[in-house]
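Have a look at the structure below before the remarks.
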2 protein chains.
Amino acid sequence: MDGFRYPQFCSLARAAEILGERWTLPLARELMVGPQRFTDLRRRLPGLSSSVLATRLARLERLGIVAREQLPPPAASTVYALTEAGRGLEPLLREAMRWGVRFLGPPQAGDHFEPDWIPLALRFLARTQATPARSFEVRIETGGSPLRVHVRGGRSGTKISEAGPPFDLAFSAPPLVVLGLASGALDGPATLHGDAVRFEGEPEAIRDFPALFDLSLPVP
Amino acid sequence: MDGFRYPQFCSLARAAEILGERWTLPLARELMVGPQRFTDLRRRLPGLSSSVLATRLARLERLGIVAREQLPPPAASTVYALTEAGRGLEPLLREAMRWGVRFLGPPQAGDHFEPDWIPLALRFLARTQATPARSFEVRIETGGSPLRVHVRGGRSGTKISEAGPPFDLAFSAPPLVVLGLASGALDGPATLHGDAVRFEGEPEAIRDFPALFDLSLPVP
DNA sequence: CGGAATCCTCTTCGATACTG
DNA sequence: CAGTATCGAAGAGGATTCCG
């Protein structure tokens with residue numbers, strides 16, 4: 001009842017027993033964005049049935065990777081959040097996301113997409129070696145209030161933070177355009193001056209933007 | 001026929017599709033040790049049937065993660081080796097191994113164990129922050145010829161290499177004793193002077209050995 | 001909203017046996 | 001040695017329904 005067991009004395013096998021179940025990795029990614037309600041998770045993971053979701057959450061809770069929390073009265077509801085052990089998955093998810101980029105390819109019909117995957121991806125795919133000393137405020141248009149991410153290159157790699165600090169260039173674009181700019185799949189200057197994007201600051205800075213990330217997408 | 005597909009435009013989902021199948025992660029770990037024959041893999045992964053192994057290898061080969069190679073005439077035989085993309089799994093496996101340590105626990109009856117997992121684990125679990133400037137030659141007793149690993153602490157983290165360079169302390173021990181010493185689960189000085197271990201050099205250096213690794217096992 | 005319970009289908013696993 | 005072929009059993013997945 002507690003999943004498959006690899007008969008091996010190896011910590012990688014233990015990790016694989018937990019994470020190797022279907023949907024567990026995408027589920028962990030969603031929780032990495034922030035605490036979510038059961039219904040949020042169902043919406044964000046189309047194809048995942050409620051019974052399987054309940055099973056996965058129960059197991060992760062039992063293992064101490066996820067914890068339920070009660071939201072304060074106004075919005076009284078249960079949310080699922082990562083525990084310490086769950087947040088410890090970040091390096092693993094980061095490397096999985098990096099490795100998977102080579103298999104990403106262009107979006108397929110029916111593929112789901114969440115705007116707030118972009119801030120997560122920028123965080124996970126930020127270069128850790130020296131990058132150009134440029135700073136950006138990226139505003140991701142979601143339909144609702146834009147997500148804001150501050151991106152700063154530097155000697156010790158790219159740093160991602162909440163919006164706020166000064167910037168060379170701020171630009172506002174739809175999620176997939178941000179991804180295209182970060183990967184270099186879209187031509188920076190042309191896109192910046194196109195209809196879909198608004199910006200303020202130094203437009204030339206956009207040329208350095210892709211260098212801040214480890215993200216090379218096959219051009220669609 | 002090509003496995004489950006998560007309907008998501010996300011590189012983590014692509015990685016999960018490939019690595020989420022049963023046995024794939026342990027299989028990748030075995031290939032990370034070095035190229036292996038079909039039969040080697042069956043022996044090293046008890047419980048994995050030949051048909052499933054063949055299926056996994058075929059898929060990984062099709063995806064360009066594993067390649068067959070022919071050994072030169074004397075030992076004419078096929079081996080499976082990681083390609084570039086396969087070797088690119090190292091950071092992911094490293095983080096999975098690190099994360100899984102918290103679930104490792106003591107060996108269970110029936111758990112399989114390969115001596116050469118120890119060099120791999122030392123490599124993957126080496127600390128990346130500053131560690132004590134001590135160097136060790138670790139000789140892992142396998143029953144056959146000992147595996148040798150050179151471990152050196154320093155300002156930029158622990159470095160693992162083939163045996164060779166000078167050392168403060170060299171010691172020879174069975175695999176699980178090496179693991180116990182690295183994790184701190186075994187008392188260094190007592191173990192070193194016990195029956196199971198032979199050493200040369202500065203015995204006091206053993207006290208610094210656990211500090212060179214990110215490995216804290218729950219004491220059995 | 002947040003699940004638990006059912007039911008049914010479809011994989012997939014693992015064992016075994018067999019072959020070049 | 002390096003697989004393929006076959007097969008029965010188990011389990012996972014998905015849809016749906018119902019309930020607090």
Side-chain angles (χ1 to χ4, degrees), chain A residues 1-8 13 16-27 30-31 34-62 66-81 110 112, chain B residues 1-8 13 16-27 30-31 34-62 66-81 110 112:
Chain A
M1 202 262 196
D2 214 17
F4 184 79
R5 189 156 189 289
Y6 294 109
Q8 306 171 359
E17 287 159 9
I18 296 169
L19 304 173
E21 283 187 313
R22 242 170 226 188
W23 290 106
T24 299
L25 247 11
L27 175 56
E30 292 310 309
L31 294 175
Q36 311 271 350
R37 290 175 302 179
F38 192 90
T39 319
D40 297 333
L41 293 169
R42 285 212 65 188
R43 188 188 53 75
R44 298 171 65 101
L45 297 167
L48 172 57
S49 71
S50 70
S51 55
V52 172
L53 176 55
T55 307
R56 294 289 175 275
L57 286 171
R59 180 154 132 95
L60 292 175
E61 192 180 353
R62 188 154 22 87
V66 163
R68 291 164 196 251
E69 293 173 5
Q70 297 299 329
L71 247 39
S77 179
T78 307
V79 293
Y80 294 87
H112 184 73
Chain B
M1 201 260 197
D2 213 18
F4 184 80
R5 186 156 191 289
Y6 294 109
Q8 306 171 359
E17 288 159 9
I18 297 169
L19 304 173
E21 283 186 314
R22 240 168 229 187
W23 290 106
T24 299
L25 247 12
L27 174 56
E30 291 311 308
L31 294 175
Q36 311 270 350
R37 291 175 301 179
F38 193 90
T39 319
D40 297 333
L41 293 169
R42 283 211 66 188
R43 188 187 53 76
R44 297 172 66 101
L45 297 168
L48 171 58
S49 72
S50 66
S51 56
V52 171
L53 176 55
T55 307
R56 295 290 175 274
L57 286 170
R59 178 153 133 96
L60 292 175
E61 190 180 357
R62 188 153 24 87
V66 162
R68 291 164 196 252
E69 292 173 6
Q70 298 298 330
L71 247 39
S77 179
T78 307
V79 292
Y80 293 88
H112 184 73

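All chains are named by letter (A, B, ...) in the order of the sequence lines, taking the proteins before the strands, and each is independently numbered beginning at 1. Computed from a prediction, not measured in an experiment: that's the story for all the values here. All values below were derived from every heavy atom in this structure, side-chain atoms included, with hydrogens, water molecules and symmetry-related copies excluded.
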Report the nucleotide, chosen from D:dA2, C:dG2, D:dG3, that has the shortest atom-to-atom distance to any side-chain atom of B:Arg68.
D:dG3
Name the closest nucleotide to the A:Ser77 side chain, picking from C:dC1, D:dA2, D:dT4.
C:dC1
When the axes are fitted on five pairs at both termini, how much does the helix from C:dC1-D:dG20 to C:dG20-D:dC1 curve, in 10° steps?
50°
Atom-to-atom span, [atom1] of [X] to [atom2] of [N] - whole angstrom:
X       : N      : atom1 : atom2 : result
B:Gln36 : D:dG3  : CD    : P     : 14 Å
B:Arg5  : C:dC10 : CZ    : P     : 21 Å
B:Arg43 : D:dA2  : CZ    : P     : 13 Å
A:Leu27 : D:dG13 : CG    : P     : 12 Å
B:Glu17 : C:dT12 : CD    : P     : 13 Å
B:Leu41 : D:dC1  : CG    : P     : 13 Å
A:Leu53 : D:dG13 : CG    : P     : 12 Å
B:Glu61 : D:dA2  : CD    : P     : 14 Å

Between B:Glu17 and B:Tyr6, is there a donor-acceptor pair closer than 3.5 Å when you use the side chain of the first and the backbone of the second?
yes
N/O donor-acceptor pair under 3.5 Å between B:Arg22 side chain and A:Gly20 backbone:
no
Residue-phosphate contact under 4.0 Å: A:Tyr80 side-chain N/O, C:dC1 OP1/OP2
no
Listing time: all N or O pairs from protein to nucleotides 13-16 of chain C that are below 3.5 Å?
from: C:dC13; atom 1: OP1; to: B:Arg56; atom 2: NH2; distance (Å): 2.3
from: C:dC13; atom 1: OP2; to: B:Arg56; atom 2: NH2; distance (Å): 3.3
from: C:dG14; atom 1: OP2; to: B:Trp23; atom 2: NE1; distance (Å): 3.1
from: C:dA15; atom 1: N6; to: B:Ser51; atom 2: OG; distance (Å): 3.3

Identify the two heavy atoms, one from A:Arg37 and one from A:Thr78, that lie closest to each other, and give their separation to 0.1 Å.
CG-O, 3.3 Å
Of all heavy-atom pairs between A:Ala81 and A:Glu69, which one has the smallest distance, and what is that distance?
CB-OE2, 3.7 Å
What's the spacing between [X] [atom1] and [Y] [atom2] if we round to 0.5 Å?
X       : Y       : atom1 : atom2 : value
A:Ser50 : A:Leu57 : OG    : CG    : 11.0 Å
B:Leu48 : B:Leu41 : CG    : CG    : 8.0 Å
B:Thr24 : B:Arg59 : OG1   : CZ    : 7.0 Å

Note, A:Gln8 side chain near B:Leu45 side chain (heavy atom, < 4.5 Å)
yes
Just to verify, what does B:Glu61 make a salt bridge (Lys or Arg N to Asp or Glu O under 4.0 Å) with, not counting sequence neighbours?
B:Arg68
